[in-house]
Amino acid sequence: MKFVTSRYLAFSDSFEENEIYKRIIYSTRTSITALIKENIFQDLLKNNYSNIESELLDLLFSMEIIIPENENEFEEIMVQNNSMLEVNHHLDLTIQPTANCQLGCHYCAQEHSKVNMADDVYNKTLERVKLKLESDKFKNLSVTWYGGEPLNALTQLKKISTEIIKLCEINNVIYDGSIITNGLSLKPNVFKDLYLNHNVLNYQITLDATAEFHDTRRITKKGEKTFDLIFKNIIDIINLDCYQEKNHEPILIRTNIDKTNIEGIKPLIDLFAENNAQGKIQFSFAPIVDWGDKKFGTSDGFTKKDFADIEIDLMLYAHQKGFLINTSLVPKREFMPCMVVAKDSEVYDAFGNVYPCYEFTYTPAYKDDIHKVGNLLTENFVPNDMATTRNWYNDIRKEDFATCNKCELLPVCGGGCVKNWYNDETGCPGFKFNISDRLLIDYLNKNNALTI
């Protein structure tokens with residue numbers, strides 16, 4: 001059998017160790033990293049295996065670093081991804097019980113209104129979830145509570161959560177919930193109720209740097225500051241007994257970053273460190289990007305490539321301060337980019353609309369029916385299985401998406417943000433631009449790469 005070197009490889013820069021030059025090489029098909037001598041690496045790039053021992057060749061083949069010469073790797077990845085979609089037993093749903101939000105963030109593209117989920121929408125949403133759970137297709141259900149601001153409809157959230165948990169128990173489905181919240185209404189008693197009684201296990205809360213910066217951006221629609229209240233809620237929560245007893249870090253602090261608040265991110269990390277939050281929260285760093293008709297290709301924004309360097313710096317800084325980072329340094333094999341390609345996964349908003357992606361809801365740029373699965377209040381509701389993003393694994397083959405389908409990282413991102421590709425924007429994840437640094441840092445931190 002003749003071999004060639006896989007196209008699905010990433011690698012670190014060359015470095016010297018024990019007077020020998022080496023690299024970290026990473027098979028994105030198998031998510032295996034290996035420490036490899038530079039001379040072997042160069043031979044692999046040239047498809048020259050004459051100097052590589054047979055045992056090592058066998059190992060490289062098992063890692064899919066080398067593959068049969070006649071194998072169509074892209075099609076093999078697509079076959080695997082589609083196969084996993086067919087046997088997927090994990091159902092992801094997003095429920096938005098309100099279209100309302102207290103905040104008026106300048107980068108938010110949603111159009112908010114004081115509308116909470118009415119009884120008819122509630123009933124139809126519950127019927128839809130019941131139908132899915134009774135199909136006997138799923139072993140797990142994950143629900144993300146989103147908005148608007150979901151805690152503005154806490155009564156509706158708890159009501160539908162209670163019924164969904166009952167349905168899961170009846171149908172032997174394991175349930176877990178998460179919430180994306182601005183944190184204003186997340187008082188300790190609200191957290192305890194959601195965490196202990198509604199199995200909401202993970203909480204994403206946005207703080208855009210310290211108060212000096214946050215309070216110029218994430219303010220209420222009345223212009224009121226919000227940092228101190230949100231920060232107090234978080235500190236009070238992480239000191240609760242029930243929080244201390246958990247076996248993971250339920251709260252993720254997300255920071256949305258551009259050039260106007262970058263100077264306040266490290267001080268934010270310092271502030272949490274001063275309040276002994278290490279081991280209790282995690283951080284996620286994200287660039288502010290275009291959303292709907294909100295465009296940020298201005299002097300205030302970062303390119304993905306520039307932000308990749310910033311992200312590495314912030315991740316290392318947080319790590320030095322004793323914090324975990326929510327994103328694994330080295331991405332793992334993914335069989336779908338997110339819920340948007342799975343036809344059973346759906347987003348339900350407060351008006352009964354059903355979408356494949358939660359960034360479509362309440363956003364005027366995505367009001368057309370092409371972006372919707374449908375509306376639950378429609379008589380004889382029939383889902384639109386061709387809503388934007390649903391046909392990604394066929395569309396990715398097109399020349400329009402050549403940047404994606406020819407990328408060496410495709411097996412570990414599945415296309416990244418699919419929505420962006422359909423908007424003629426890059427959907428590439430941030431790690432595309434700093435994977436070399438990630439591999440080296442991961443090796444130095446864990447020293448866990450296989451040596452070959």
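Just so it is clear, the values below take in all heavy atoms, side chains as well, and ignore hydrogens, waters and symmetry mates. Being a predicted model, the structure only gives us computed values, none of them experimental. One is the number of the first residue; the rest follow in order along the sequence.
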- Query: Quick one: does Asn233's side chain have a donor or acceptor within less than 3.5 Å of a partner on Pro188's backbone?
  - Reply: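 No; zero donor-acceptor contacts below 3.5 Å.
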
So does [X] pair up with [Y], basic N to acidic O under 4.0 Å?
{"X": "Lys232", "Y": "Asp228", "value": "no"}
{"X": "Lys22", "Y": "Glu17", "value": "yes"}
{"X": "Arg128", "Y": "Glu346", "value": "yes"}

Side-chain heavy atoms of [X] within contact of [Y], under 4.5 Å:
{"X": "Phe15", "Y": "Leu440", "answer": "yes"}
{"X": "Leu93", "Y": "Thr144", "answer": "no"}
{"X": "Ile234", "Y": "Ile205", "answer": "yes"}
{"X": "Met336", "Y": "Asn88", "answer": "yes"}
{"X": "Cys357", "Y": "Val347", "answer": "no"}
{"X": "Asn202", "Y": "Leu252", "answer": "no"}

- Item | Contacts of type salt bridge (charged side-chain N to carboxylate O under 4.0 Å, His left out), residue Lys130, not counting sequence neighbours |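 Counting only residues at least two positions away or on another chain, Lys130 forms a salt bridge (charged side-chain N to carboxylate O under 4.0 Å, His left out) with Glu134.
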
- Query: Passes ring-ring contact (aromatic ring centres under 6.0 Å, His included), Phe360 versus His371? Steps please.
  - Reply: CA-CA 7 Å; Phe360 289 171; His371 303 300; 5.2 Å; yes

Decide if atom [atom1] of [X] counts as having more than 12 heavy atoms of other residues, nucleotides or ligands within a radius under 6.0 Å.
{"X": "Asn72", "atom1": "CG", "answer": "yes"}
{"X": "His319", "atom1": "NE2", "answer": "no"}
{"X": "Leu45", "atom1": "CG", "answer": "yes"}

- ring-ring contact (aromatic ring centres under 6.0 Å, His included) involving Phe41 - partner list, sequence neighbours excluded: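 Only Phe11 meet the ring-ring contact (aromatic ring centres under 6.0 Å, His included) criterion with Phe41.
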
- With sequence neighbours left out, what residues match Phe191 under ring-ring contact (aromatic ring centres under 6.0 Å, His included)?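 Checked Phe191 against ring-ring contact (aromatic ring centres under 6.0 Å, His included); matches are Tyr195, Tyr203, Tyr243.
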
- Do you know the tightest heavy-atom contact between Asp344 and Leu91?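 Heavy atoms of Asp344 and Leu91 come nearest at O-CD1, 3.3 Å.
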
- Using side chain to side chain contact (heavy atoms under 4.5 Å, CB included) as the criterion, list what pairs up with Asn261, not counting sequence neighbours.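 Checked Asn261 against side chain to side chain contact (heavy atoms under 4.5 Å, CB included); matches are Asp208, Ala209, Phe213, Arg217, Ile257, Asp258, Ile265.
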
- Query: Do any pairs count as a salt bridge (charged side-chain N to carboxylate O under 4.0 Å, His left out) and have a residue in residues 394-404, sequence neighbours left out, and if so which ones?
  - Reply: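 Those involving residues 394-404 are Glu75-Arg397, Asp395-Lys398.
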
- Item | Pair listing, salt bridge (charged side-chain N to carboxylate O under 4.0 Å, His left out) test, anchored in residues 56-65, at least two apart |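 Applying salt bridge (charged side-chain N to carboxylate O under 4.0 Å, His left out) to every pair that reaches into residues 56-65, excluding sequence neighbours, yields Arg29-Glu64.
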
- Message: Using the ring centroid of each side chain, check whether Phe307 and Phe433 are separated by less than 6.0 Å.
- Response: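 Ring-ring flag for Phe307/Phe433: false, centres at least 6.0 Å apart.
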
- Message: For Phe231 and Phe272, take the angle between the two ring planes, folded into 0 to 90°, and tell me which bin it lands in: parallel under 30, tilted 30 to 60, perpendicular over 60.
- Response: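 Because their plane-to-plane angle lies in the 30° to 60° range, the rings of Phe231 and Phe272 count as tilted.
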
